[in-house]
Amino acid sequence: MRRKISGYQIFLFSLCPVTLVFGHILSYWLNIDADKDGWFNVYFVKRGWFWTSVVGWWCFIRYRGLQQVGSWKKVLLRYVVLTAWWLFFTQSIISGAAPIMDIVFTLTGGRCNFDVFDPNEILQWKLNEKFHDTVNRRQRSLAKLYNVLKDLKDDPTNMVKHALSRIESWVSENKDQLMEGNYTPGQLNEYIDEILHRWRKINSSNICQSLGGQWIGGHDPSGHIFLITLMSMFLLGELQAIGKRAWRALWKDKAVFEELRAHCIKILTLKTLWGIRTRRSPVNNVGDVRDVLRALVKPPLESAREVYYIVTLLVKYVFWNNPVILLVVLVGMWWWSFLITTIVFHTLWEQLSGLICAYIVATLVYLNIN
Ligand SMILES: CCCCC/C=C\C/C=C\C/C=C\C/C=C\CCCC(=O)SCCNC(=O)CCNC(=O)[C@H](O)C(C)(C)COP(=O)(O)O
Ligand SMILES: Nc1ncnc2c1ncn2[C@@H]1O[C@H](COP(=O)(O)O)[C@@H](OP(=O)(O)O)[C@H]1O
């Protein structure tokens with residue numbers, strides 16, 4: 001018998017593909033800059049599986065409890081399958097072996113590149129502006145490369161020494177003290193490339209990054225699109241099972257909003273220095289200094305107490321009673337980052353391969369959830 005697909009499942013299975021198409025269309029009109037090193041990307045998206053696991057796991061505990069062994073076994077199995085696929089696809093879990101996305105990249109002609117100097121500037125010795133996309137990243141990569149080359153300085157030729165001195169001068173921006181040698185920038189690039197590839201098997205983007213190299217040339221399935229598709233489908237997929245309970249809990253706590261309103265009103269109507277009437281002395285008709293002092297100290301203390309009540313209420317409402325709010329916020333954040341990736345980063349084919357690899361596995365996992 002054919003199973004009927006619900007409206008929610010249509011949303012679940014179409015969210016990422018539709019966003020990819022939407023983002024691709026937007027990319028023709030929009031020309032935006034996205035900061036790869038921004039806190040949102042570095043601390044949230046790039047550690048996305050961690051946040052997704054914590055929030056998903058917490059929702060599960062709060063809505064299903066740990067007693068119903070039957071239900072958590074199934075959830076755990078789905079979680080393990082998705083986690084294993086994320087690990088195999090994006091991380092080097094077996095020592096020496098590259099993750100699937102990096103194998104695809106190297107098989108299609110990509111490699112770790114060390115074109116540090118501009119080969120066309122033979123006399124000027126300029127840094128290659130295509131070596132990493134921002135000045136900051138270029139400087140950081142040069143610092144890494146410098147440290148690696150320093151460890152290799154026992155190399156019999158003095159080319160390493162030469163490369164080192166040139167990179168050092170760029171890192172410290174002390175270009176005038178360059179030691180001249182009989183090499184062209186292109187030769188030095190080739191040389192750095194050759195010794196590093198000879199010294200170490202650079203088969204993953206992580207190793208390449210740690211040496212300061214640039215991972216370019218092949219088909220590079222988008223890690224962000226892959227990870228965000230997997231994370232969103234996991235969170236939204238599990239929401240199917242806890243959704244009704246979560247929805248009921250959200251409305252059961254309505255009294256909280258009344259309480260919050262009352263505390264906010266209290267803050268807004270607190271008597272300030274200007275609102276307080278001082279008692280006047282019958283002798284010289286001067287205001288009571290104690291009243292003034294009270295007016296200075298009391299309102300801030302009372303507002304601090306009210307703010308404390310508001311924060312406690314909100315934390316209890318969101319984190320303890322309704323963690324589904326965290327889940328929805330997280331999905332919203334992932335969706336936004338996904339959209340930015342589709343507009344700014346990778347080719348369409350690289351976005352599609354990232355999407356398809358995550359989508360197929362997540363769809364198999366969530367098509368027959370019950
Ligand atoms: C709603 C109900 C949900 C039910 C959940 C049920 C059960 C869960 C059960 C158990 C879970 C137990 C504990 C969970 C808590 C913590 C575990 C967290 C473990 C981790 O994941 S730690 C590692 C975190 N690492 C990341 O997140 C890295 C992600 N980043 C990447 O993969 C890459 O940076 C990239 C692919 C995004 C980009 O790569 P590049 O292109 O830059 O190379
Ligand atoms: N939404 C986003 N916001 C900021 N940076 C993003 C991004 N999507 C992708 N990137 C960056 O683009 C590069 C390719 O991403 P990916 O292959 O994971 O899709 C990565 O750079 P870095 O690896 O140099 O940090 C990544 O951080």
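Note that this is a predicted model, so its numbers are computed, not measured. Whatever order the structure lists ligands and atoms in, that order sets their numbers, starting from 1.
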With the criterion set at N/O pairs under 3.5 Å, what does the list of contacts between the protein and ligand 2 look like, atom names and distances included?
unit_1   : atom_1 : unit_2 : atom_2 : d
ligand 2 : 1 (N)  : Ser337 : O      : 3.1
ligand 2 : 1 (N)  : Ser337 : OG     : 3.3
ligand 2 : 1 (N)  : Thr341 : OG1    : 3.1
ligand 2 : 5 (N)  : Asn41  : ND2    : 3.2
ligand 2 : 8 (N)  : Thr341 : OG1    : 2.9
ligand 2 : 17 (O) : Gly223 : N      : 3.2
ligand 2 : 17 (O) : His346 : NE2    : 2.8
ligand 2 : 18 (O) : His224 : N      : 3.1
ligand 2 : 18 (O) : His224 : ND1    : 2.7
ligand 2 : 19 (O) : Ser222 : OG     : 2.7
ligand 2 : 19 (O) : Gly223 : N      : 3.2
ligand 2 : 19 (O) : His224 : N      : 3.1
ligand 2 : 19 (O) : His346 : NE2    : 2.9
ligand 2 : 23 (O) : Gln209 : NE2    : 3.3
ligand 2 : 24 (O) : Arg137 : NH1    : 2.5
ligand 2 : 25 (O) : Lys46  : NZ     : 2.7
ligand 2 : 25 (O) : Arg137 : NH2    : 3.2
ligand 2 : 27 (O) : Asn41  : ND2    : 3.1

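- Applying the disulfide bond (SG atoms under 2.5 Å apart) test to Cys16 and every residue at least two apart in sequence or in another chain returns nothing.
- Using a 4.0 Å cut-off between charged side-chain N and carboxylate O, Asp118 and Lys130 make no salt bridge.
- Near Ile242, the atoms of ligand 1 lying under 4.0 angstrom from a non-hydrogen atom of the residue are 1 (C).
- The stretch residues 11-26 participates, sequence neighbours left out, in these side chain to side chain donor-acceptor pair (under 3.5 Å) pairs: Thr19-Trp335, His24-Tyr28.
- Contacts between Leu235 and ligand 1, counted as non-hydrogen atom pairs separated by less than 4.0 Å, are absent for every part of the residue.
- Using a 4.0 Å cut-off between heavy atoms, Phe226 makes no contact with ligand 1 at all.
- Looking at Phe234 against ligand 1, only its side chain comes within 4.0 Å, counting heavy atoms.
- The proximity of Leu76 to ligand 1, defined as any non-hydrogen pair under 4.0 Å, is limited to the side chain.
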Expected list for residues 87-100: side-chain donor-acceptor pairs under 3.5 angstrom, two or more places apart:
unit_1 : atom_1 : unit_2 : atom_2 : d
Thr90  : OG1    : Trp86  : O      : 2.8
Thr90  : OG1    : Trp86  : NE1    : 3.0

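- Proximity of Tyr79 to ligand 1, defined as any heavy-atom pair under 4.0 Å, is confined to the side chain (atoms from C-beta onward).
- Under a 4.0 Å criterion applied to the non-hydrogen atoms of Gly223, ligand 1 contributes the atoms 36 (C).
- Not close to ligand 1: Gln209, with no non-hydrogen atom less than 4.0 angstrom away.
- Taking a cut-off of under 4.0 Å to the non-hydrogen atoms of Lys46, the atoms of ligand 1 that pass are 26 (C), 28 (C), 29 (C), 30 (N), 34 (O), 42 (O).
- Interface of Gly48 with ligand 1, defined as ligand atoms under 4.0 Å from a residue heavy atom, comprises 27 (O).
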